[in-house]
Amino acid sequence: MSTVRRAAIVLAAVSALALTACGPTEDDASSGAETPTASPAKSATPSKPAKPSAPSASPGKGSSGGGGGSSPDPDYDVFPCSTYDVKFTATLAEPTTSSYLLKITNKGTKACRALGHPVVTFGDLDGQATERGEAPGIEDAIRLDPGESAYAGLMGGTKDGKGKSVDSIAMTMNTESDLEQTPLKAPTPGLYVSPDKNSVTAWVGNAEDALSL
C-alpha cells in the first residue's frame, strides 16, 4: 500500500470519529426533545400600595356608647352657698305685718346651691327667726349660677307689747357644715320682733312664692 493511500484511510477514520462526537445521540433523536431556549423575563410591575383603612372609633369616657362610661352629673361640684358667695338685701314687703323680702344674689364666678332656710338674727337681740314650711333636700335645692337670685320671706311679729323693734337683721346661710361665716347685715327699719312670732321661709326661686308661703 502506498503512502498516499494509507494517509487517506487515516484521514477518513479521523473525520468519522469527529462527526460521531459532535452529533446527537441516538437516544436524543428518538425522544424528540428540544433544547430549551431562554426567553427574556417580563419586567415586574410594582403593585399599588393598599389604602390604609380608617381606625374604628371607640366610645370615649362619658359617651353614650356601650363601652363608655355614663356622663357625669353636671352639678357634682356645685357646693352650698355661704355668705362669702352672695350679696344680701332685705326689702319691706308688707308694712302692716312688718314683713320683709329677703334676697340673695350669687356674686361669685361659680354656681352654688341655696340650701334650706336662712338663719336670721335680730340686731342685738338673742334668738333667731323660726323656720316656716319645709325645705327641699340638698339635691333639689335652688342652684344659683353667677348673677342669679333666690328669695325668702321674713314675717314680722305682732306688736303685742312683749317684743321690741330692731333696725337691722343679720343673715347666714345653711351650708350643712361647720363652715364659719361672716353674717351679712341689712337694714329693717321698724321690724317688730315678738317672741316666737317671727318666722322665715326656705329659699325659693321667685319673690311671689317667698311672700305667699
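- No more than 12 heavy atoms of other residues, nucleotides or ligands lie within 6.0 Å of CD in Glu134, so this atom counts as exposed by the packing criterion.
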(request) Assess whether side-chain contact (heavy atoms from CB on, under 4.5 Å) is satisfied between Tyr100 and Thr91, documenting all intermediate values. (result) CA-CA 5 Å; Tyr100 277 80; Thr91 305; 5.5 Å; no

(request) Mind running side-chain contact (heavy atoms from CB on, under 4.5 Å) on Thr105 and Val86 for me, showing each step along the way? (result) CA-CA 5 Å; Thr105 302; Val86 299; over 6 Å; no

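- Within the 3.5 Å criterion, the main-chain N or O of Ala135 finds no donor-acceptor partner in the side chain of His117.
- Under a hydrophobic clustering in which Ile, Leu, Val, Met, Phe, Trp and Tyr are joined whenever their side-chain heavy atoms come within less than 4.5 Å, directly or via other members, Met173 and Leu115 fall into different clusters.
- The shortest non-hydrogen separation linking Ala210 to Leu101 is CB-CD1, 3.9 Å.
- Pro146 and Gly108 get closest at one heavy-atom pair: CB-O, 3.4 Å.
- Distance check, rounded to the nearest 0.5 Å: CZ of Arg113 to CD of Glu176 gives 11.5 Å.
- With a 6.0 Å radius and a threshold of 12 heavy atoms from other residues, nucleotides or ligands, Lys159 has its NZ atom at or below the threshold.
- Phe88 CZ to Ser149 OG: the interatomic distance, rounded to the nearest 0.5 Å, is 12.5 Å.
- To the nearest 0.5 angstrom, Met171 atom CE is 13.0 Å from Lys103 atom NZ.
- Put simply, the side chain of Ser98 never gets that close to the backbone of Pro95: no donor and acceptor are under 3.5 Å apart.
- Here the side chains of Leu154 and Leu191 are in contact, with some heavy-atom distance below 4.5 Å.
- In this structure Lys162 satisfies the side chain to side chain contact (heavy atoms under 4.5 Å, CB included) test together with Asp160, Pro195, sequence neighbours excluded.
- Between the CG atom in Asn206 and the CD1 atom in Ile142 there is a gap of 8.5 Å [rounded to 0.5 Å].
- In this structure the side chain of Pro118 never reaches within 4.5 angstrom of the side chain of Asn174, judged on heavy atoms.
- Between Leu102 and Val200 the shortest side-chain heavy-atom distance falls below 4.5 Å.
- No side-chain donor-acceptor contact under 3.5 Å links Asp140 to the backbone of Gly137.
- By the side chain to side chain contact (heavy atoms under 4.5 Å, CB included) test, Gln128 is found to be paired with Val119, Thr121, residues two or more places apart in sequence or in another chain being considered.
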(message) With side-chain contact (heavy atoms from CB on, under 4.5 Å) as the criterion, how do Tyr151 and Asp209 come out once you've worked through the C-alpha distance, each side chain's angles and the decisive distance to 0.1 Å?
(response) CA-CA 8 Å; Tyr151 305 85; Asp209 288 346; over 6 Å; no

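- Of the inter-residue distances, the one linking Phe79 atom CZ with Lys110 atom NZ reads 8.0 Å to the nearest 0.5 angstrom.
- Here the closest heavy-atom approach between residue Ala114 and residue Cys81 is recorded as N-SG, 3.8 Å.
- Under the 4.5 Å side-chain contact rule for hydrophobic residues, Leu125 and Tyr192 do not share a cluster.
- Linking Ile, Leu, Val, Met, Phe, Trp and Tyr whenever their side-chain heavy atoms come within less than 4.5 Å leaves Met155 and Ile104 in two separate clusters.
- Annotation for Gly153 and Leu211: closest pair CA-CD2, 4.5 Å, computed over non-hydrogen atoms.
- Minimum heavy-atom separation, Cys112 to Pro80: CB-C, 4.2 Å.
- Going from atom CZ of Arg143 over to atom CG of Asn106 covers 10.0 Å, rounded to the nearest 0.5 Å.
- At distances below 3.5 Å, at least one donor-acceptor pair connects side-chain atoms of Gln181 with backbone N or O atoms of Thr83.
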